[in-house]
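Here is how names work: the chains are called A, B, and so on, in the same order as the sequence lines, proteins then strands, and each is numbered from 1. Just the heavy atoms: all of them, side chains too, but no hydrogens, waters or symmetry mates, feed the values below.
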There are 2 protein chains.
Amino acid sequence: MSRWEPDARGRLQRAAMELYVEHGFEQTTVAEIAERAGLTERTFFRHFADKREVLFFGQEALLELFVSSVAQAPEGTAPFEMAAAALHAVSGVFEDRRPWSLERHRVISANPALAEREQSKMARLSEAVGTALRDRNISEPTASLTASSCISVFHIAFQTWIAEDNTRGFPQIVTETLDALKAVTAGT
Amino acid sequence: MSRWEPDARGRLQRAAMELYVEHGFEQTTVAEIAERAGLTERTFFRHFADKREVLFFGQEALLELFVSSVAQAPEGTAPFEMAAAALHAVSGVFEDRRPWSLERHRVISANPALAEREQSKMARLSEAVGTALRDRNISEPTASLTASSCISVFHIAFQTWIAEDNTRGFPQIVTETLDALKAVTAGT
DNA sequence: ACGTTGATGTCAGTCACTGACATCAACAAT
DNA sequence: ATTGTTGATGTCAGTGACTGACATCAACGT
């Protein structure tokens, strides 16, 4: 058998989420998280860069989904269509994780420092999509604008999905939000 | 005469900017900033919520400019036109501050923690514009989408303006970026 | 003359985060 | 089987951001 209990990182993530829900983010110390996970504070910081990052470990996968969708769009696709395709590819992933997404969203919204980190992650997504578009020979400022619009739609659709009663699925909300964006810039 | 040297907050801002330029953000301690400003660390934290905030103390004025522009748009203006009007109103303010903007931008870009705070400020702007639009009876998701698009254009136009050789003025770049956004969502 | 106010100073404390070094099961090489 | 290496973890001492409680004292109003 192994020297250590397995999945230290997962244990830390679960312990952190539990404690943030129970006592709030600021009232929770890293030492408490580590203790609940059966580890030490020092080990926490070997797995996560800081106290906030523990809630954002998975973003990398989302980012790669966006980027690879853009990379795989057929030759000659218009930039906005590439972004839309990426959005649709991504939107399927969340369906079965709604309860978890909801809880996580509540914790993040309740704390400015966590909200700040989330905005930073969104910006990172936008940057990555922008780079992916430039790799498809889209020039500036079209690439950045398309990427920003794409992530804005994602973000707003996500908030809508979280806020409402699960009447519409996430993919459908994404589609409708995309259409609403087109209407906005068309001047309707 | 007054008991204290005047403009403590301004002295702290200047001292911080100088030190961040000279030694970098992380290598500068708050105690050093306070010392250069002839004050104590404790006083620094009475003026600014944290070590980053000292670089962002003017954002409130910018926010109000955006919001009041939206509030003052003529009755019946389309949402996107309200946002465009706000952008044009704001874009004039930066012309004479280009050197300062450039230096500040360099400092912020050089440090992830500062970049994160800037993204957070942009998100705050977007929220505020969204609220201003809702106050003009624009419904969701149009209000949020318009606001996000507006701030994206502002951000991308700003970066363009900072990056290039001052051949185009900021207002002109804003106009062209707005047009580029319309082209993107129109599917061109 | 006197009480109040408000910006600042002083001091002690908590906690996020880091660097340096120690431990020791598992595994590989011989 | 012995030995050496690796890698995840622990231990410990430190730095620095940030906070709460209390003190100071010019300016100002009464």
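The separation between A:Ile33 atom CD1 and C:dC15 atom P is 13 Å, rounded to whole Å. In this structure, B:Phe44 places its CZ atom 17 Å from P of C:dA7, rounding to the nearest Å. Atom CZ of A:Arg9 and atom P of D:dA8 are 9 Å apart (whole Å). What separates CG of A:Asp7 from P of D:dA8 is a distance of 14 Å, to the nearest Å. Rounded to whole Å, the distance from CD on B:Glu53 to P on D:dA17 is 16 Å. Between A:Gln27 atom CD and D:dT19 atom P the separation is 13 Å, expressed in whole Å. Rounding to whole angstrom units, CD of residue A:Glu32 and C1' of C:dA16 are separated by 13 Å. Residue B:Glu26 contributes atom CD, which lies 18 Å from atom P of C:dA16 at whole-angstrom precision.
Put simply, B:His47 has no side-chain N or O that comes within less than 4.0 Å of OP1 or OP2 on C:dA7. For the pair B:Thr40 and C:dG9, the criterion of a side-chain N or O lying under 4.0 Å from OP1 or OP2 is met. Taking 4.0 angstrom as the limit, B:Thr43 places none of its side-chain polar atoms (N or O) nearer than this to OP1 or OP2 of C:dT8.
Salt bridge status for B:Glu18 with B:Arg14: absent, with no side-chain N to carboxylate O gap under 4.0 Å. Using a 4.0 Å cut-off between charged side-chain N and carboxylate O, B:Lys121 and B:Glu53 make a salt bridge. Comment: B:Glu22 engages B:Arg36 in a salt bridge, judged by a side-chain N to carboxylate O separation of less than 4.0 angstrom.
The six-membered or imidazole ring of A:Phe158 lies near that of A:Phe94, with a centre-to-centre distance under 6.0 Å.
Between B:Ile162 and the choices B:Arg106, B:Arg104, B:His105, the side-chain contact (heavy atoms from CB on, under 4.5 Å) rule is met once, by B:His105.
Comparing C:dT18, D:dT19, C:dA16 against the side chain of B:Arg42 picks out D:dT19 as the nearest. Checking C:dT8, D:dC18, C:dC11 against every side-chain atom of B:Asp50, the shortest atom distance belongs to D:dC18. Relative to the side chain of B:Phe45, the nucleotides C:dG9, D:dC18, C:dC17 differ in distance, and D:dC18 lies closest.
Residue A:Arg46 places no side-chain atom within donor-acceptor reach of the base of D:dG7, judged by atom type and a 3.5 Å distance cut-off alone.
Nucleotides of DNA chain D nearest to B:Ala49 and B:Trp4 differ in position, and the one nearer the 5' end is that of B:Ala49. Across the interface with DNA chain D, nearest-nucleotide mapping of B:Arg52 and A:Gly38 shows A:Gly38 to be the residue nearer the 5′ end.
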